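To keep things clear, I will list the structure first and then write my remarks on it.
All values below come from the heavy atoms of this structure, side chains included, with hydrogens, waters and symmetry mates left out. The structure displayed is predicted, hence computed values, not measured ones. Reminder, nothing fancy here: chain letters follow the sequence lines and each chain counts from 1.
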Amino acid sequence: MALLKNLIPHNSALSLIDNSTSLRQALQIHAHLLTSGAFTHDPSSFNSFLSSLALSSSPPLLSYSHSLLFTSPPQPPSLITVNSLIRAHSSGPSPNLCFSLYRHLLSLSFSPNHYTFTFLLRAAASCGGLLGPAIHGALARFGCDTDRHVQSSLIHMYSSVGLVSHARVIFSDIIDPDLVTITSMLTALAESGDVDSAWEMFDEMPERDTVSWNAMIAGYVHLGRSKDGLDLFGDMLNQGAKVNESTMVSVLTACAHLGALDQGTWVHAYIQKNRLKLNVTLGTSLIDMYSKCGSIERAMKVFWSMKEKNVFTWNSAINGLATNGAAEECLKLFELMERQGVIPDGVTFVGLLQGCCVAGFVQKGREIFSLMKDRYRIEPLHEHYGCMIDLYGRAGKLDEAVQFIHSMPIEPNVSAWRTLLHSCKMYNNVELGEYAMKEITNIEVNNDGAHVLLSNIYADNRIWKGVSSVRERMKEKGLRKEPGCSVIEVHGVVHEFFVRDKSHPRYREIKLMLGEVDRRLRLAGYRANTKEVLFDIEEEDKEDVLSWHSEKLAIAFGLVVLEEGVEIRIVKNLRVCWDCHHWTKFVSKTFDRKIVKKLYRTSKEQNLPLSSIHQRTFNIDALKEIHDSLHSKAYFRKLLVNSLI
DNA sequence: ATAGGGTTAG
């Protein structure tokens with residue numbers, strides 16, 4: 001035994017500790033260090049031991065290290081040791097422990113330093129709490145407010161608690177801001193919604209690195225300006241900036257929002273070609289991109305290939321299956337998730353409930369809802385209640401939907417009533433629709449979507465008085481229907497069409513194609529259904545109103561430019577009207593095309609067009625080329641050059 | 001024997 005002790009000097013014992021070390025192993029190492037006399041021989045080694053445990057990024061070891069601080073140590077802890085513990089907690093599961101450690105540190109009569117405060121600020125940012133300003137005061141007292149690391153952490157903290165103006169003040173006090181502080185300010189601006197100011201800052205930066213590019217791209221993508229994000233990514237490659245995993249995550253998110261499968265596929269190939277590490281986050285983004293672009297098979301292929309998965313990964317797959325109509329598989333995957341001991345969260349249940357909803361599994365949906373509350377102790381949020389209302393509503397169980405709303409322990413929000421209103425539209429229930437509308441206007445007077453829905457319900461039931469009175473009301477309130485917008489990606493380029501949009505450079509061909517479609521559909525027995533048109537008619541010229549809907553323009557464009565047999569994928573911001581749905585089915589059959597439509601809309605994007613620029617025509621030949629020869633930056637550059645033509 | 005900015009799901 002004595003021999004063994006000599007064989008393992010304590011510094012190698014410490015280097016044994018990493019995040020795979022179990023608590024049991026840590027205890028053994030601790031015992032070894034104690035019995036070998038390491039701590040008495042070299043008192044500072046106790047501090048090293050505590051730090052190693054804290055920095056192992058393993059929560060149990062961190063707790064153990066934390067508790068040892070309060071036993072009678074062979075030597076008082078050093079400032080560095082306490083700092084290490086604070087640092088570990090700041091990015092660990094309980095960041096609020098940082099603050100009690102800080103008090104402990106003061107009670108030991110230490111003076112906290114810059115290190116201490118950067119960690120504390122990080123903790124305050126992630127707690128989202130009110131402690132940030134207090135820490136700001138404290139660090140000023142200790143004279144740490146001129147330290148760059150502290151300054152950028154302050155900006156980050158104020159931004160994360162929603163106080164951009166404070167972040168601005170900090171920034172303006174920095175005499176000579178560097179790359180990092182500018183990036184941190186840029187991010188703060190973007191997160192506050194002021195992406196244009198962020199851009200200004202980015203544009204004027206004397207130098208940029210990968211992180212600043214990433215911050216700007218992410219800023220656009222988060223605000224729903226995905227197309228701008230992709231364009232900026234193009235610029236990034238063009239300028240030869242180094243791209244990394246984070247870049248790709250944002251770019252894939254943009255592709256997912258735009259339904260840009262070709263670009264997403266290109267990014268996937270780029271990742272492989274450039275040996276970027278397919279970490280959990282990146283893998284999850286890929287799953288999400290593929291499933292949002294309608295390619296659930298490829299999404300699941302990525303899912304199964306991933307060795308490490310977290311709850312995000314599972315949620316993306318479950319959600320993808322649900323929204324792609326694979327409810328059975330979605331429920332099966334959830335069972336597997338449970339068997340593998342992954343704890344589901346609220347988002348998991350949104351996916352599961354949506355799966356049940358589209359498949360019409362009412363009873364299963366009820367069970368899932370109870371499982372969430374009773375077994376997993378997850379308090380349902382508006383989203384979950386919304387799914388349940390939709391579940392009943394779509395299944396035609398309107399009474400149950402209403403009862404469910406009335407039994408909600410939280411105040412139903414606008415979207416709860418709107419979901420009900422939507423079911424009323426599906427099942428022609430005027431009376432209940434009026435009731436839902438009343439509730440909606442009690443909460444929010446100006447809801448354009450709800451007005452349009454109610455008007456359509458009246459129109460369906462030929463209650464013209466109702467139609468005109470809703471229209472009147474909208475006019476009074478100055479409400480306008482949000483313009484419909486559809487995007488289609490063709491050979492890696494996103495094209496955007498608004499309702500009644502004539503601005504596309506190939507509009508003539510589109511119009512001709514619409515005529516051709518019209519002719520062939522008539523032969524096939526299609527008759528336009530005008531009952532949902534009424535809303536648009538007053539601003540309309542005599543031309544065929546229905547053919548102006550944005551998805552028809554987009555599909556016609558797809559027919560013009562896409563090779564035969566290539567599927568047409570459309571992403572739309574508003575509900576697809578009955579006629580368009582019907583029309584699409586006919587086109588799909590008559591032209592023998594697979595057509596996939598997705599509804600995509602986030603609250604952030606509500607009043608924004610899906611992008612600001614369209615009409616860019618890249619000249620790529622076929623998707624397979626993307627896989628074969630185009631794995632390089634040069635390829636993307638080529639796209640951009642072509643786009644300028 | 002410790003620092004700052006960027007990345008995922010509804």
Classify A/Arg148 by what it touches in the nucleic acid, base, sugar-phosphate, or nothing, heavy-atom distance under 4.0 Å.
base
Can you tell me how far P of B/dA3 sits from CG of A/Leu121, to the nearest Å?
16 Å
Without decimals, in angstroms, what is the distance between A/Phe49 CZ and B/dT2 P?
18 Å
Select base, sugar-phosphate, or nothing to describe what A/Asp288 touches, counting heavy atoms under 4.0 Å on all strands.
sugar-phosphate
Once you apply a heavy-atom cut-off of 4.0 Å, does A/His114 come out as touching a base, just sugar-phosphate, or nothing?
base
Centroid separation A/His136 to A/His166 less than 6.0 Å
no
Mark this stacking check for A/His149 against B/dG4 as yes or no, applying ring centres under 5.5 Å and ring planes under 30°.
no
Output the single nucleotide from B/dT7, B/dA1, B/dG6 whose closest atom is nearest the side chain of A/His222.
B/dT7
Which is true for A/Phe119 with a 4.0 Å heavy-atom rule: it touches a base, it touches only sugar-phosphate, or it touches nothing?
base
Among B/dG6, B/dT8, B/dA9, the one nearest any side-chain atom of A/Val211 is B/dG6
Side chain of A/Ser153 (C-beta onward), nearest among B/dG4, B/dG10, B/dG6
B/dG4
Tell me whether the side-chain N/O atoms of A/Lys309 come closer than 4.0 Å to OP1 or OP2 in B/dT8.
no
Regarding A/Gln151, tell me which of base, sugar-phosphate or nothing describes its non-hydrogen contacts under 4.0 Å with the strands shown.
nothing
Does A/Arg168 come within less than 4.0 Å of A/Asp173, counting only side-chain N to carboxylate O?
no
I'd like to know if A/Asp147 reaches the base of B/dG4 with its side chain such that a donor and an acceptor end up less than 3.5 angstrom apart.
no
Calculate the interatomic distance between A/Ile318 atom CD1 and B/dA9 atom P; express it in whole Å.
16 Å
Taking atom P of B/dG6 as reference, at what distance in whole Å does atom CG of A/Leu232 sit?
16 Å
Does the ring center of A/Phe369 lie less than 6.0 Å from the ring center of A/Phe404?
yes
Do the side chains of A/Lys332 and A/Glu335 get close enough for a salt bridge, i.e. N-O under 4.0 angstrom?
no
Verdict with supporting geometry, A/Ile29 and A/Phe49, side chain to side chain contact (heavy atoms under 4.5 Å, CB included):
CA-CA 9 Å; A/Ile29 293 168; A/Phe49 178 57; 4.3 Å; yes
Using only heavy-atom distances, decide whether a donor-acceptor pair under 3.5 angstrom links the side-chain of A/Asp209 to the base of B/dG5.
yes
Can you tell me if A/Ser212 touches the phosphate of B/dG5, counting only side-chain N or O atoms and a distance under 4.0 Å to OP1 or OP2?
no
Minimum-distance nucleotide to A/Ile80 side chain [options: B/dG10, B/dT2, B/dG4]:
B/dT2
Interatomic distance where CD belongs to A/Glu308 and P belongs to B/dT8 [whole Å]:
17 Å
Ring centers of A/Phe202, A/Trp213 separated by less than 6.0 Å
yes
Nucleic acid contacts - residues 166-187 of chain A versus DNA chain B, non-hydrogen atoms under 4.0 Å:
A/Asp178, A/Leu179, A/Val180, A/Thr181, A/Thr183, A/Ser184, A/Thr187
Is the distance from the ring center of A/Phe119 to that of A/Tyr102 below 6.0 Å?
no
Please pick, from B/dA1, B/dA3, B/dT7, the nucleotide with the shortest atom-to-atom distance to any side-chain atom of A/Thr118.
B/dA3
Separation of A/Leu352 atom CG from B/dG10 atom P, in whole Å?
14 Å
Please determine, for the side chain of A/Gln354, which listed nucleotide (B/dG10, B/dA3, B/dG5) has the closest atom?
B/dG10
Whole-Å distance separating the NE2 atom of A/His156 from the C1' atom of B/dG6:
11 Å
Give the C-alpha distance, both sets of side-chain angles, the deciding distance and a yes or no for side chain to side chain contact (heavy atoms under 4.5 Å, CB included) between A/Thr313 and A/Val342.
CA-CA 11 Å; A/Thr313 319; A/Val342 185; over 6 Å; no
Applying side chain to side chain donor-acceptor pair (under 3.5 Å), can you list everything that pairs with A/Ser295, at least two apart in sequence or on another chain?
A/Arg298
Which of these nucleotides, B/dG6, B/dT8, B/dT2, is closest to any side-chain atom of A/Asn310?
B/dT8
Atom-pair distance (CG on A/Leu154; C1' on B/dA3), nearest Å:
13 Å
Picking from B/dT2, B/dA9, B/dG10, which would you name as closest to the side chain of A/Thr253?
B/dA9
